[in-house]
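Have a look at this one.
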Amino acid sequence: MDLERLLADRLAPAFAAVAGGPVDPAVRRSQHADFQSDAALGLARRLGRPPREIAAEVRERAALADLCAAVEVSGPGFLNLTVSGQALGGLVSAMAADPRLGVPAVAEPETVVVDYSGPNVAKEMHVGHLRSTVIGDAAARTLEWLGHRVLRANHLGDWGTPFGMLIEHLLDLGEAGAAQELSMGDLDGFYKAARAKFDDDEAFRERSRQRVVALQGGDPATLRLWRLLVTQSESYFLTVYDLLDVTLTGDDFRGESSYHDQLSPTVEELDRLGLLRRSDGADCVFPPGSVGRDGEPLPLIVRKSDGGYGYPATDLAALRHRTGALGATRLLYVVGLPQRRHFEMVFAVGAQAGWLAAPVRAEHVGFGSILGPDGRMLRSRAGGSVKLVELLTEAVQRATALARERNPELGEAEAAEVGRAVGVGAIKYADLSGDRHKDYVLDWERMLSLDGNTAPYLQYAYSRVRSIFRRAGAAARPDADVSLGEPAERALAMELVGFAAVVDELAAGLEFHRLTAYLHRLAVAFSAFYERCPVLRAEGPVRESRLVLCELTGRVLRQGLDLLGIRTPERL
Ligand code: ARG
C-alpha cells in the first residue's frame, strides 16, 4: 500500500470523530514535511471552529505512532506529517519482497478493448498512427499488468470506396508487380498513382466504380484481389510493429471489413428502436447534445443515400459487437483529437441504443499532433507526410552512433541492440512524456539527450544499477534490513514507495506523462543517492541496505519502462 493512502486511512477515523461524519483527509506530498493534510481548513468552515484547534484534536486522536516521527500543526491549520525512517524502511523491504512491487493485481478484472494503431490499407502509416500505436500499446500493457483482460483491436481501414481504384491500379501493374511494390513498403507511391489515374482518367474512374460495386456485391475474383492488397499491407504494418516493439500481432487485425456482416443488423436495430431519421436521402441518427456551430442538430450518417455504409456505421457495429458479443465493459479508442466529435456522436448513439449502459463505458483517448522543429505539422524534406519507417530508422541510426561513441567496447551486435532500444525508446518516450492532449515538437537533440526527462536518461540510470550488481558479483540480500540514515537514502526510499500510487492513477486516466515524470524523479533521486552514498565501498548492514535500494530502483525503472513499451539494456 502506498504511503499517502496509509496515512489517509489512519487520519480518516480521527477526522470522522471530530466532524461526526466521513471526511477526506486530503493527504498530499509537501515541501514542508513529507506529507500534509489540509482537511481541517475545510472542516473549520463547516463546524464553525478554528482550524488549528481541529487539526490539534485530529493529531491527538490519530493512530500514527508507528508511521510518523513527527505530526505537527502548522500555519492556519495544516497537519504536517513526517514519516519515520523505520516505517519507511519497512515499506521499502515489503516492496522489495513483492514480485509485483507493491502493486496488487485488480480484484475485479474487466474486459477492456483497446482500439489502437488503425492504419489504412495501401496507405503509408503516418505520425498520427505512430502516436496511436505508442499510446495504445502503453495502455494495453498497463491494463494487462494490472490484471485486466485486454483485447487489442487494430481497426484497420480496409474497406470502402477507395478500394475500387486500388484494385484497378493493382490490375494495371500486374499482381506480381503490385505485390512487390507494396511489400517494399512503398504504400504511398501505390496509393498516389491510383489516385492520380482516378483524377485524370475517365475510363479508369468508371472501372473503379464498377469495381466497388463488385466488391460490395461479394464478387469472388474481386474479393481475392482485395485480400491481396490487405495481406500485403498487413505484413508491412507488422514489420513496423516489430521495429517499434509493440505488442500488436497479426491476430489483432480487426479491420473495418470484419464488421461487414453486422452493418445492416446494426442499422436495423437502430431503426427498430425508432432512432433513425431520413435526412437528404440518408439514414441518420441525431444524438441529443450534438449541434453544429449554427446551433442545428448534427446527424450521424449511418446509411448513405446510395445505400452504402461509412466510417460511422462501422464504428457503431464495432461498438455493439464489443459490448455485446465480446462482453467488454470498458472501450478505449486511441485516436487523434480531430476525431473527437465523431466519437462523441458514436458513443451518444451507442448509449441511446442501449449498447453502452453503465457499468459499460467508452472513452476517447485523444492526442495532439507531432510538430516539426518549425512548430508546424511535421513534414518530410520533400514536403510530404513523414514516413513512420524513415522516422524510426533515423532514431535507431542516431542512437546507435551515440551508443558506439559512448561505449567503444560494445561489440557490433550489442551496439546495434542498444541503439535500437535507445532510439525506439527515445521516440516512444518523447511521445508519452508530454500531456497527450497537446501537440509536441519532434526534437532529436532533446529526445536523445542523456540528461533530462528522456528515455536515454532512464535507461542510463538502469544500466548504472546493473553495473553495480555486475561489480558486486551478487544480488541484494532479500532479507536485509533497510536503514535510511542519509537524507539521500531517505529521499530515494520516499520515491520508491510512491510507485503503486502512480500506477494506480494511470489505469483510470491513461496519462502516461505522470508515470514518466515519476520515473524521472526516481532516476534523479537515485543519481543523488549514488553520488553521496557509496554502495560497494560501504560495509556490513549499510552496504546490504544500499544494495536493496539499488536493486529496487532498477526493478521499478524496468517495470515502469516496460509498461511504456521501452526496453532497458543491461549496458549503455
Ligand atoms: N483508420 C482510422 C484513421 O486512420 C483510424 C481508426 C480508429 N479507430 C476507430 N475505431 N475508428 O483515421
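Keep in mind that this is a model prediction, so the values were computed, not measured. Order of listing sets the numbers, starting from 1, for every ligand and every atom in it.
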Can a donor-acceptor pair be found, under 3.5 Å and without considering hydrogens, that links the side chain of R195 to the backbone of L166?
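No, because the side chain of R195 does not come within donor-acceptor range (under 3.5 Å) of the backbone of L166.
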
Would you kindly specify which portion of H129 sits under 4.0 Å from ligand 1, judged on non-hydrogen atoms: side chain, backbone, both or neither?
side chain

Checking side-chain polar atoms at under 3.5 Å, does R361 have a donor or acceptor matched by the opposite partner on T329?
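On atom types as modelled, these side chains do not qualify, holding no pair under 3.5 Å.
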
Shortest protein heavy-atom distance from atom 5 (C) of ligand 1, along with the residue and atom involved
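Of every protein heavy atom, G118 O, 3.5 Å lies nearest to atom 5 (C) of ligand 1.
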
Could you go step by step and tell me if W444 and E394 meet the side-chain contact (heavy atoms from CB on, under 4.5 Å) rule?
CA-CA 10 Å; W444 292 110; E394 178 159 2; 3.8 Å; yes

For V335, take its heavy atoms, then give the atoms of ligand 1 lying under 4.0 Å from any of them.
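Those of ligand 1 that fall under 4.0 Å from V335 are 7 (C), 8 (N).
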
To check your reading of the model: name the closest protein heavy atom to atom 12 (O) of ligand 1, its residue, and the distance in Å.
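Here the nearest protein heavy atom works out to Q339 NE2, 3.0 Å.
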
Any donor-acceptor pair under 3.5 Å from E144 side chain to R149 backbone
no

Please list the nearest protein heavy atom to atom 8 (N) of ligand 1 with its residue and the distance rounded to 0.1 Å.
D115 OD1, 3.2 Å

Can you find an N or O of N120 that's nearer than 3.5 Å to an N or O of ligand 1?
yes

Should Y311 be counted as touching ligand 1, given the test is an N or O pair under 3.5 Å?
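Yes, Y311 has an N/O under 3.5 Å of an N/O on ligand 1.
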
N154 vs Y241, test: side-chain contact (heavy atoms from CB on, under 4.5 Å). Steps then yes/no.
CA-CA 12 Å; N154 193 347; Y241 298 147; 3.0 Å; yes

How does D315 reach ligand 1, if at all, at less than 4.0 Å between non-hydrogen atoms: by side chain, backbone, both, or neither?
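Side chain only.
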
As an exercise, identify every atom of ligand 1 less than 4.0 angstrom from a heavy atom of F343.
9 (C), 11 (N)

Find out whether the Lys NZ or Arg CZ of R277 is both under 6.0 angstrom from the six-membered ring centre of F286 and within 45° of the ring's axis.
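The answer is yes; both the distance and angle limits are met.
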
Distance under 6.0 Å and angle within 45° of ring axis: R100 vs W145
yes

Would you check the N or O atoms of P119, main chain and side chain alike, for any that come under 3.5 Å of an N or O of ligand 1?
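By distance alone, the answer is no.
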
